[in-house]
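Each chain gets a letter, A, B and so on, in the order its sequence line appears, and its residues count up from 1. The analysis underlying the following values was restricted to heavy atoms, covering all of them including side chains, and did not include hydrogens, waters or symmetry mates.
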Amino acid sequence: MQSLDHAPASRPIALPDKVALEGLEEKWIAYWDENATHHFDRTAEREDVYSIDTPPPTVSGSLHVGHVFNFTQIDVLARYWRMRGKAVFFPIGWDDNGLPTERRVQNFFGVRCDPSLPYDPGFSPPATPPERPVSISRRNFVELCGQLTESDEESFEDLFRRIALSVDWSLKYTTISPEAQRVSQRGFLRMLEAGHAYRHEAPTLWDVDYSSAIAQAELEDREIAGAYHRLQFPRADGAGVVEIETTRPELLPSCVALVAHPDDARYQPLFGTNVRTPLFDVEVPVLAHELADPEKGSGIAMICTFGDLTDVIWWRELSLPVRTVIGRNGRFETVNFGDSAFPSASPEKATEAYAELEGKTVRQAQRRIIELLSESGLIVGEPRPIMHAVKFYERGERPLEIVSSSQWYVRTMPLRDELLAAGRELKWHPAFMRARFESWVEGLNGDWNISRQRYFGVPFPLWYPLDENGDIGLVPILPEESSLPIDPSSDVPGGYEESQRNQPGGFVGDPDVMDTWATSSLTPEIAGRYVDDPRLFARIFPMDLRPQAHEIIRTWLFSTVVRAKLAHDSLPWTNAAISGWILDPDGKKMSKSKGNLVVPNDLLDKYGTDAVRYWATSARLGVDTVLDEQQMSIGRRLAIKLLNATKFALSRVGDGGEESDNAAELAPLDASMLACLAEVVEVATSAFADYEHARALDRIEAFFWTFCDDYVELVKTRAYGTGDGAASARRALDLALSVQLRLFAPYLPFAAEETWSWWHDGSIHATSWPSTSEIPEQSGSSIELLDAAATVLGEVRHAKTIAKVSMRAKVARVLVRGPNSMLELVAQAHGDLCDAGSIEELELIADDTIEKLAVEAELAPIDDAGAK
RNA sequence: GGGCGCUUAGCUCAGCUGGUUAGAGCAGCUCGCUUACAACGAGCAGGUCGGGGGUUCGAGUCCCUCAGCGCCCACCA
């Protein structure tokens with residue numbers, strides 16, 4: 001951390017004739033590009049680096065103000081640390097792999113991927129999306145994904161440059177690039193080698209529309225309408241029936257048991273006995289398990305394979321068989337009653353009933369089975385409608401099913417305690433966000449499923465051998481690390497020929513791609529070139545900052561912590577800065593699905609980047625923030641004020657634009673103002689240390705207005721005169737401006753850069769954050785003086801306002817009463833007060849009976865003032 | 001069901017480890033073209049800090065409780 005003992009050197013002043021915000025953005029964006037102002041210094045040692053694990057936006061999504069909001073908050077921190085002398089590693093990435101891109105490509109071009117089709121090198125998509133999607137090969141599909149993301153990325157880059165993100169564009173990455181794939185595939189192979197990754201056949205959350213497995217992290221509960229149906233299960237011993245309630249009667253053929261709570265006296269006598277499923281006559285046991293809730297429904301439930309996650313637990317813990325009826329396409333599959341999987345006592349009757357369901361969707365099957373049950377009198381009473389929470393894939397449209405499938409997993413369950421410890425070690429901003437991480441880790445119910453049955457993603461880098469019968473071998477064939485990235489669907493494993501693909505005795509590529517988080521969890525490795533440039537990586541890892549939104553704590557943050565733990569046995573970063581959401585003016589969360597997204601470009605056109613940044617940075621981390629155009633107006637005004645005030649203070653009537661005298665002795669008022677400013681520097685700096693950029697801005701801004709309204713008004717006359725105090729006033733003005741412009745630089749990069757350029761060479765963003773050591777301490781100067789003088793000036797203004805006269809009106813006499821200590825302060829600003837207030841006579845009267853200053857102003861006769 | 005956050009002027013928000021008459025901006029009202037700024041400036045008015053209880057000499061600021069809103073998590077038949 002460097003500290004500067006003096007203000008940056010200035011040069012002769014060159015002021016524009018008139019000031020404006022217009023045109024500044026193009027000018028300075030170009031300047032920063034040309035001068036590589038935000039370039040990361042790769043030679044810096046780790047302790048001199050501040051590294052940021054920038055969130056790579058999903059480029060297939062829409063651009064919206066949320067991006068501006070989040071990234072501006074990050075940028076303020078980046079600019080601050082750069083000014084603190086750090087080499088700031090601020091990369092930018094685009095997250096372009098995964099389902100969102102596939103979905104966008106499907107809609108944009110009107111295509112769908114059919115992996116069974118051959119590659120068509122001459123394919124070009126229809127000009128307008130046809131009504132029925134065109135089926136294309138996987139490779140054609142992936143090419144379209146690449147094509148579309150490329151143009152999406154251009155518009156993102158335009159926006160990000162426009163909002164003055166101080167990223168180093170040479171550090172740009174994309175999550176589908178060969179480099180990222182290499183990092184991702186190597187990361188996977190190493191997890192496999194270390195035993196952290198494994199393949200396993202198990203019940204898996206499955207989205208029937210996307211036809212892919214889904215991880216716990218991608219789940220979302222949605223309240224939907226359902227109904228309890230009361231079904232009768234005849235007891236096997238013929239002694240009556242057992243009634244259960246279910247919301248999913250269509251799963252009856254997959255029922256493998258009934259379950260009740262072990263303490264439930266109503267059902268205790270049944271434990272260990274069997275019942276028969278209605279319609280299908282499959283004998284199933286009645287069992288006891290703690291998770292059965294006596295309060296729910298009839299207190300006894302049917303266990304199906306699989307209706308929900310509780311079924312999975314019961315199935316596992318009670319060692320039940322599997323009777324799958326719903327296929328991966330969400331339709332009822334063919335099953336054979338009477339065989340060992342579906343041991344019906346009346347196979348013909350069961351088959352007949354099941355024929356009514358076969359091929360149907362879940363909804364259709366449900367409707368039909370209710371009819372069948374009613375016809376047979378097996379439903380008791382009317383369905384009881386309820387609203388209940390059902391699990392959905394967060395991007396999906398139909399409830400998830402659970403199917404048994406073979407997937408790749410990362411062992412996260414054994415890590416839970418270590419992850420919780422990591423969460424405590426990480427510095428969260430704001431601190432309460434840690435609770436979200438902890439409740440997620442504590443709620444983990446299985447290892448992390450990282451395989452997806454999709455196309456546009458990083459492929460699993462391996463193949464499986466096929467034996468003479470064409471059966472798949474369990475031990476995969478792995479590539480050399482040096483050959484990565486590979487695509488097992490087109491690359492051939494060592495020792496094989498392409499002709500052996502899918503042939504008995506040959507090999508088959510793993511058809512799946514990795515979960516997008518399996519790659520995004522490696523952003524520190526991707527951005528830091530872990531594989532290709534280990535020396536760079538050593539200089540930036542563990543990173544200093546992970547900025548991100550709170551809704552992806554359970555995905556991006558969590559998965560990154562897992563991967564760093566497994567690969568490096570460390571935290572991936574020291575700090576996590578969690579930003580809030582943007583709310584529309586009605587206080588609702590902005591999101592695509594709500595249709596209330598606001599496009600940022602209009603706002604940027606209307607108010608300018610600095611103004612929009614002002615709005616974004618006046619919000620604290622973690623706080624959901626209303627999109628408030630008024631706040632942008634204020635920011636715009638502030639930026640204009642900064643230009644005007646700087647121009648005014650630098651327009652040296654009388655000294656020909658020369659530098660001020662840095663050694664001039666400071667008048668008490670000037671020293672007092674600077675002492676106040678020193679306090680602001682201190683407060684702002686400590687606010688940044690706490691990641692409280694909004695508090696810093698608040699203090700900086702408040703001081704700036706006092707500076708303009710009171711201090712500048714007070715010293716105006718003196719600073720432009722040739723008298724004794726002129727040198728002091730100019731020195732103070734220059735120093736105060738230099739400090740304030742630099743304080744504002746992270747927030748209002750354009751206005752700060754523009755004003756700085758009037759009297760300095762080089763970018764303000766490459767100078768130092770102000771230090772209190774730049775501000776001279778004058779013995780005997782009082783920090784209260786400025787305030788006392790401002791109070792008197794304010795009272796004089798008040799008197800003029802009440803009298804409805806111009807501020808220029810002359811005041812014949814001003815009486816100031818107050819305790820001696822305060823009068824002494826006022827006395828030190830006597831001349832400036834008379835000048836600023838047009839006061840002819842300023843009289844101070846000691847009065848220790850009051851604690852504050854009492855001011856009486858006696859206006860001069862209007863005629864004399866000449867103002868009216 | 002568990003947890004977190006929020007609830008301060010009409011609006012959007014500050015109020016750090018409890019301590020002078022609760023702050024800012026916007027909107028409102030009243031003035032003023034003052035030679036940096038009328039896309040401006042000066043000034044006024046406006047809250048007793050969601051309800052209740054408690055700790056304390058003293059609470060918006062700590063504790064308990066209730067309510068509303070938002071969010072996170074959860075094995076929701």
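For the pair A:Glu438 CD and B:G2 P, the computed distance is 18 Å after rounding to whole Å. Going from atom CG of A:Asp308 over to atom C1' of B:A74 covers 13 Å, rounded to whole Å. Atom CG in A:Leu583 sits roughly 15 Å away from atom C1' in B:C11 (whole-Å rounding). Taking atom CZ on A:Arg636 and atom C1' on B:C37, their separation rounds to 13 Å, with Å as the unit. Computed from coordinates, the A:Glu223 CD to B:A74 C1' distance equals 13 Å when rounded to whole Å. Distance, A:Leu444 CG to B:G2 P: 21 Å, rounded to whole Å. One interatomic measurement links the two molecules: CD of A:Glu442 to P of B:C73, which rounds to 13 Å at whole-angstrom precision. As rounded to whole Å, 12 Å separates atom C1' of B:G41 from atom CG of A:Leu793.
Within the 4.0 angstrom heavy-atom criterion, base atoms lie near A:Asp221. Residue contacts shown for A:Lys800 are absent, as no nucleic acid heavy atom lies under 4.0 Å away. Among the heavy atoms of the strands lying under 4.0 Å from A:Glu713 is at least one base atom, whether or not backbone atoms are also near. A:Trp315 comes within contact range of no nucleotide atom at all, as no heavy-atom separation falls under 4.0 Å. Within 4.0 Å (heavy atoms only), A:Cys304 reaches no atom of the nucleic acid at all. Note on A:Trp314: a base of the nucleic acid sits closer than 4.0 angstrom, heavy atoms only. Looking at heavy-atom distances under 4.0 Å, A:Gln631 makes no contact with the nucleic acid at all. Contacts of A:Arg695 with the nucleic acid, taken as non-hydrogen atoms under 4.0 Å apart, are absent. At the heavy-atom level, A:Gln216 lies under 4.0 Å from the strands shown only through sugar-phosphate atoms. A:Ala702 comes within 4.0 angstrom of nothing in the nucleic acid, heavy atoms only. Among the heavy atoms of the strands lying under 4.0 Å from A:Arg554 are primed sugar atoms or P, OP1, OP2 only; no base atom is included. Within the 4.0 angstrom heavy-atom criterion, no nucleotide atom of any strand lies near A:Asp690. At the heavy-atom level, A:Leu309 lies nowhere under 4.0 Å from the strands shown.
Residues A:Val623 and A:Phe437 each lie close to RNA chain B; by heavy-atom proximity, the contact nearer the 5' end of the strand is made by A:Val623.
For the P atom pair drawn from B:A39 and B:C49, the interatomic distance equals 41 Å after rounding to whole Å. Taking atom C1' in both B:G50 and B:A67, one finds a spacing of 8 Å when rounded to whole Å. When the C1' atom is used for both B:G54 and B:C72, the distance is 31 Å, rounded to whole Å. Rounded to whole Å, the P atom of B:U20 lies 41 Å from the corresponding atom of B:C37. To the nearest whole angstrom, the two P atoms, one in B:G1 and one in B:C76, are 13 Å apart. Remark: the separation of the C1' atoms in B:C13 and B:C66 is 26 Å, to the nearest Å. One C1' atom belongs to B:A14, the other to B:G60, and the distance between them is 12 Å to the nearest Å. Across B:C44 and B:A59, the matching P atoms stand 29 Å from one another, rounded to whole Å.
Between the side chain of A:Thr277 and the main chain of A:Val282, a donor-acceptor pair closer than 3.5 Å is present. Side chain of A:Glu795 to main chain of A:Thr791: no donor-acceptor pair is present (N/O by atom type, distance under 3.5 Å, no hydrogens or angles). For the pair A:Glu442 (side chain) and A:Leu420 (backbone), a donor-acceptor distance under 3.5 Å is absent. Side-chain N or O atoms of A:Arg434 include one that pairs as donor or acceptor with a backbone N or O of A:Gly423 at under 3.5 Å.
With salt bridges taken as basic N to acidic carboxylate O contacts below 4.0 Å, none links A:Arg554 and A:Glu218. Salt bridge annotation for A:Asp710-A:Arg797: present, with a cationic side-chain nitrogen under 4.0 angstrom from a carboxylate oxygen. In summary, A:Asp690 and A:Arg695 engage in a salt bridge, as defined by a charged side-chain N under 4.0 Å from a carboxylate O. Electrostatic pairing of A:Lys606 and A:Glu629 counts as a salt bridge here, judged by a charged N lying under 4.0 Å from a carboxylate O. The residues A:Arg636 and A:Asp610 are annotated as not salt-bridged, no charged nitrogen and carboxylate oxygen being separated by less than 4.0 angstrom.
In this model, the phosphate group of B:A77 is approached by a side-chain N or O of A:His388 to a distance below 4.0 Å at OP1 or OP2. Look at A:Lys18 and you won't find any side-chain N or O under 4.0 angstrom from OP1 or OP2 of B:A36. A:Arg797 has no side-chain polar atom (N or O) that falls below the 4.0 Å cut-off from OP1 or OP2 of B:C31.
Among the nucleotides B:A39, B:G41, B:A36, the one closest to any side-chain atom of A:Trp705 is B:G41. Picking from B:C73, B:A42, B:C71 the nucleotide with the shortest atom distance to the side chain of A:Arg436 gives B:C71. The listed nucleotides are B:C4, B:U12, B:C75; the one nearest the side chain of A:Phe432 is B:C4. The side chain of A:Asp709 lies closest to B:A42, out of B:A39, B:A77, B:A42. Comparing atom distances between the A:Asp624 side chain and each of B:U30, B:G70, B:C72 picks out B:G70 as nearest. Side-chain atoms of A:Arg620 lie closest to B:G15 of the nucleotides B:U12, B:C40, B:G15. For A:Val626, the side-chain atoms get nearest to B:C13 when compared with the rest of B:C72, B:G5, B:C13. Here the side chain of A:Thr310 is nearest to one of B:C75, B:A36, B:U34, namely B:C75. The side chain of A:Val259 sits closest to B:A77 out of B:A14, B:A77, B:A36. When distances run from any side-chain atom of A:Lys641 to the nucleotides B:A42, B:A39, B:C37, the shortest one goes to B:C37.
Counting only Watson-Crick and G-U wobble pairs whose two key distances fall under 3.5 Å, RNA chain B forms stems of three or more stacked pairs at B:1-7 with B:67-73, B:10-13 with B:23-26, B:28-32 with B:40-44, B:50-54 with B:62-66.
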Side-chain donor-acceptor pairs under 3.5 Å in residues 378-394 of chain A, sequence neighbours left out?
{"from": "A:Arg384", "atom 1": "NH2", "to": "A:Glu245", "atom 2": "OE1", "distance (Å)": "2.7"}
{"from": "A:Arg384", "atom 1": "NH2", "to": "A:Glu245", "atom 2": "OE2", "distance (Å)": "3.4"}
{"from": "A:Lys391", "atom 1": "NZ", "to": "A:Asp221", "atom 2": "OD1", "distance (Å)": "3.1"}

Which atom pairs, one a donor and one an acceptor, fall under 3.5 Å between side chains of residues 616-624 of chain A and the rest of the protein, sequence neighbours left out?
{"from": "A:Thr617", "atom 1": "OG1", "to": "A:Arg613", "atom 2": "O", "distance (Å)": "2.7"}
{"from": "A:Thr617", "atom 1": "OG1", "to": "A:Tyr614", "atom 2": "O", "distance (Å)": "3.4"}
{"from": "A:Ser618", "atom 1": "OG", "to": "A:Tyr614", "atom 2": "O", "distance (Å)": "2.8"}
{"from": "A:Ser618", "atom 1": "OG", "to": "A:Trp615", "atom 2": "O", "distance (Å)": "3.0"}
{"from": "A:Asp624", "atom 1": "OD1", "to": "A:His550", "atom 2": "NE2", "distance (Å)": "3.4"}
{"from": "A:Asp624", "atom 1": "OD1", "to": "A:Trp581", "atom 2": "N", "distance (Å)": "2.8"}

